[in-house]
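Structure provided below as structure tokens; questions to follow.
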Amino acid sequence: MAKLAVPVLHVTDDMAALSGGVPSVVRQLATRWAQSGQRSTVLYANGDASDLQPGVRVVKRRPAGWARVWGHSPGLRDAASALMADVGRDGGVVHIHGLWTAMPTLTARSAQRLALPSVFTAHGMLVPWLWTQQGLLVRSKKLLFWHLLAAPGLRRCRVVHAITPMERDELAMLLPGSNIVVIPNAIDIDPVAEATAGREPVILFLGRIEPKKGVDILIHAFAKAGLPSHWRLHIVGPSWSDNYLAELKAIVNQVGLESRIRFLGPVFGQDKQALLDSAWVLAAPSHSEVVGLVNLEAAARQLPSITTRQTGLFDWEEGGGLLVEPTVDDVTAGLRQAAAWSDAERQQRGVASHALVARRYSWVSVMPMWRDLYTSIGQLG
């Protein structure tokens, strides 16, 4: 039987590497679809997708005009409709990533108008914490935007994609009656773990430094844990804002740990891998996350992580990691437990973390799920 051709158009607002998980997921999914011999296109507004392999077509519509703060540009609707019509003629699928900006919102409405099968992935942008923790004004604006602009188009998507069972339940309340399919985030990982040695007494935070990541909780927990003086906390990643970074540094000064807590800025490539290979444990105490790719990346390097139940990683302790609540007391207990591991136990937990991710969160396991979904709603749908 001949392989079914199903072109996929990915639509997202931002492809900047510093923006975190969404650009990373879109890059990998679009690239792997192209590598399988399928037509793959990415339409985006901000950042840079020029690093995608030649097999992936990239189209950028830079925000401009009076509504550019919303990610809008003149002719965006027509350009998106033309791309979608091209995909639709060949029995393809539109995959919408994220919301709150013009690109995904207008695309959802255009897909509805053109009667094209579409998939919507929220990427954790609709979790309850984000509705309630940004002040009354922001919450009011989001509610208005959701009910008037976003929800009407998204309700008509053929499939709503949830990354975790927890997110599935949250989306079911916002989009009742939708066909919700759970497919986890994934990473590339060698099936056989490489042993890493030379672990240092370092607790590593790696990711975008913003309020939802719980870095303030981690700093307070590190201070409260009372670990021996040779233990360090390294906070690595780009900052959400200069003001927020200054607030965190002020907390470090207040607890008197300037010599033991370091802010190292963003790192990439081999430098990032070196951090993962040398730390004792990763700490990711996020208030809100859907898996959090950094947990998977750490496991790929046999680095166990302390993360929260709010990530949706319900199975994480099966792989040697620790699940806590995003509170100072809970994270403190997790840090103390991890610091008390023997070398043998830490290594055993690292190997188990690697095995769990290879089994459930690798692209080898996850890509067939996407293939089945796209083909079921594309030409076969």
Side-chain angles (χ1 to χ4, degrees), residues 1-17 19-45 47-61 79-80 82-98 103-104 107-108 110-111 114 116-123 157-163 179-189 290-291 293 296-297 357-358 360-381:
M1 181 177 178
K3 180 172 65 176
L4 188 66
V6 180
V8 176
L9 170 64
H10 295 276
V11 180
T12 186
D13 179 74
D14 193 2
M15 286 296 289
S19 295
V22 178
S24 177
V25 170
V26 174
R27 272 182 170 81
Q28 293 200 53
L29 190 51
T31 297
R32 287 185 168 272
W33 196 241
Q35 289 173 341
S36 70
Q38 303 280 4
R39 215 167 84 218
S40 188
T41 304
V42 175
L43 171 65
Y44 69 106
D48 185 10
S50 61
D51 60 321
L52 284 167
Q53 69 172 40
V56 181
R57 181 187 179 191
V58 294
V59 179
K60 183 174 184 178
R61 299 292 304 188
L83 283 171
M84 286 190 287
D86 180 54
V87 167
R89 278 191 296 270
D90 294 329
V93 173
V94 178
H95 191 160
I96 301 162
H97 298 266
M103 185 70 80
T107 302
S110 295
L114 296 170
L116 292 179
S118 56
V119 179
F120 165 61
T121 302
H123 291 283
C157 288
R158 187 76 62 85
V159 171
V160 173
H161 163 231
I163 298 172
N179 177 25
I180 303 178
V181 174
V182 178
I183 300 178
N185 278 342
I187 62 167
D188 288 311
I189 184 170
V290 279
V291 171
L293 286 173
L296 307 186
E297 291 170 342
V357 171
R360 294 184 184 168
Y361 299 99
S362 69
W363 279 112
V364 171
S365 300
V366 171
M367 198 61 205
M369 301 180 191
W370 283 114
R371 182 194 61 223
D372 292 346
L373 177 59
Y374 288 152
T375 55
S376 69
I377 67 172
Q379 289 192 353
L380 287 179

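Worth knowing before you read on, the calculation uses all heavy atoms, side chains too, and leaves out hydrogens, waters and symmetry mates.
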**OP:** Measure the spacing between CZ of R360 and OG of S365 and express it to the nearest 0.5 Å.
**Re:**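 R360 atom CZ to S365 atom OG measures 10.0 Å (nearest 0.5 Å).
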**OP:** Would you confirm whether T121, through its side chain, and H161, through its main-chain N or O, come within 3.5 Å as a donor-acceptor pair?
**Re:**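 No; judged by distance alone, with no hydrogens or angles, the pair does not exist.
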Subject >> Minimal non-hydrogen separation, A30 against V42, with atom names >> reply: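 Closest approach of A30 to V42: CB-CG2, 3.7 Å.
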**OP:** Could you tell me whether a side-chain N or O of D14 sits under 3.5 Å from a main-chain N or O of A16, the two making a donor and an acceptor?
**Re:**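 It does hold such a pair.
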Original post:
Where is the tightest heavy-atom contact between M84 and L114, given as atom of each residue plus distance?
Top reply: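 Nearest heavy atoms, M84 then L114: CB-CD1, 4.0 Å.
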Original post:
Passes side chain to side chain contact (heavy atoms under 4.5 Å, CB included), V87 versus R39? Steps please.
Top reply: CA-CA 9 Å; V87 167; R39 215 167 84 218; 4.3 Å; yes
**OP:** Measure the spacing between CG of D13 and OH of Y44 and express it to the nearest 0.5 Å.
**Re:**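 Reported value, rounded in 0.5 Å steps: 11.5 Å.
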Original post:
Near R57 CZ, under 6.0 Å, is it more than 12 heavy atoms from other residues, nucleotides or ligands?
Top reply: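 Incorrect, the count does not exceed 12.
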Subject >> Sub-4.5 Å side-chain heavy-atom contact between P184 and M369 >> reply: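 Result yes, sub-4.5 Å side-chain heavy-atom pair found.
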Original post:
Does the side chain to side chain contact (heavy atoms under 4.5 Å, CB included) test come out yes or no for T12 and H123, once each step is laid out?
Top reply: CA-CA 11 Å; T12 186; H123 291 283; over 6 Å; no
Subject >> Exercise: identify the closest heavy-atom pair between G88 and L116 >> reply: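 So the minimum-distance heavy-atom pair works out to CA-CD2, 3.4 Å.
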Original post:
Between Q38 (side chain) and V6 (backbone), is there a donor-acceptor pair under 3.5 Å?
Top reply: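 Looks like yes, one N/O pair under 3.5 Å.
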Subject >> Shortest non-hydrogen contact from D372 toward T375 >> reply: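 Looking at all heavy atoms of both residues, the shortest contact is O-OG1, 3.2 Å.
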Subject >> Worked verdict on I189 versus L296 for side chain to side chain contact (heavy atoms under 4.5 Å, CB included) >> reply: CA-CA 9 Å; I189 184 170; L296 307 186; over 6 Å; no
Original post:
What is the minimum heavy-atom distance between A34 and G55, and which atoms define it?
Top reply: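 Taking every non-hydrogen atom into account, CB-O, 3.7 Å.
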Subject >> Flag, side chain of T107 to backbone of M103, donor-acceptor distance under 3.5 Å >> reply: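 Yes; at least one donor-acceptor contact below 3.5 Å.
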**OP:** Using the six-membered ring wherever Trp is involved, compare the ring planes of H95 and W370 and label them parallel, tilted or perpendicular (cut-offs 30° and 60°).
**Re:**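 Ring orientation of H95 relative to W370: tilted.
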**OP:** Any chance you could measure W363, atom CH2, to L29, atom CG, to the nearest 0.5 Å?
**Re:**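 Result: 4.5 Å between the selected atoms.
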Original post:
For the atom pair CG (D48) and CE (M15), what is the distance rounded to the nearest 0.5 Å?
Top reply: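 Going from the CG atom of D48 to the CE atom of M15 covers 9.0 Å.
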Subject >> Point-to-point distance, once rounded to the nearest 0.5 Å, from CD1 of I183 to CG of L373 >> reply: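 That separation rounds to 5.0 Å.
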**OP:** Sort out for me which residue in V94, N179, I377, V119 forms a side-chain contact (heavy atoms from CB on, under 4.5 Å) with R158.
**Re:**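 Only one of V94, N179, I377, V119 forms a side-chain contact (heavy atoms from CB on, under 4.5 Å) with R158, namely I377.
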Original post:
Going by heavy atoms in the side chains, are R27 and D51 under 4.5 Å from each other?
Top reply: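 R27 reaches D51 side chain to side chain.
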Subject >> Distance, nearest 0.5 Å, that separates SG of C157 from CZ of F120 >> reply: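 Reported to 0.5 Å precision, the distance equals 7.0 Å.
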**OP:** Quick one: closest heavy-atom pair of G98 and P104, and the distance?
**Re:**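 That would be O-CB, 3.3 Å.
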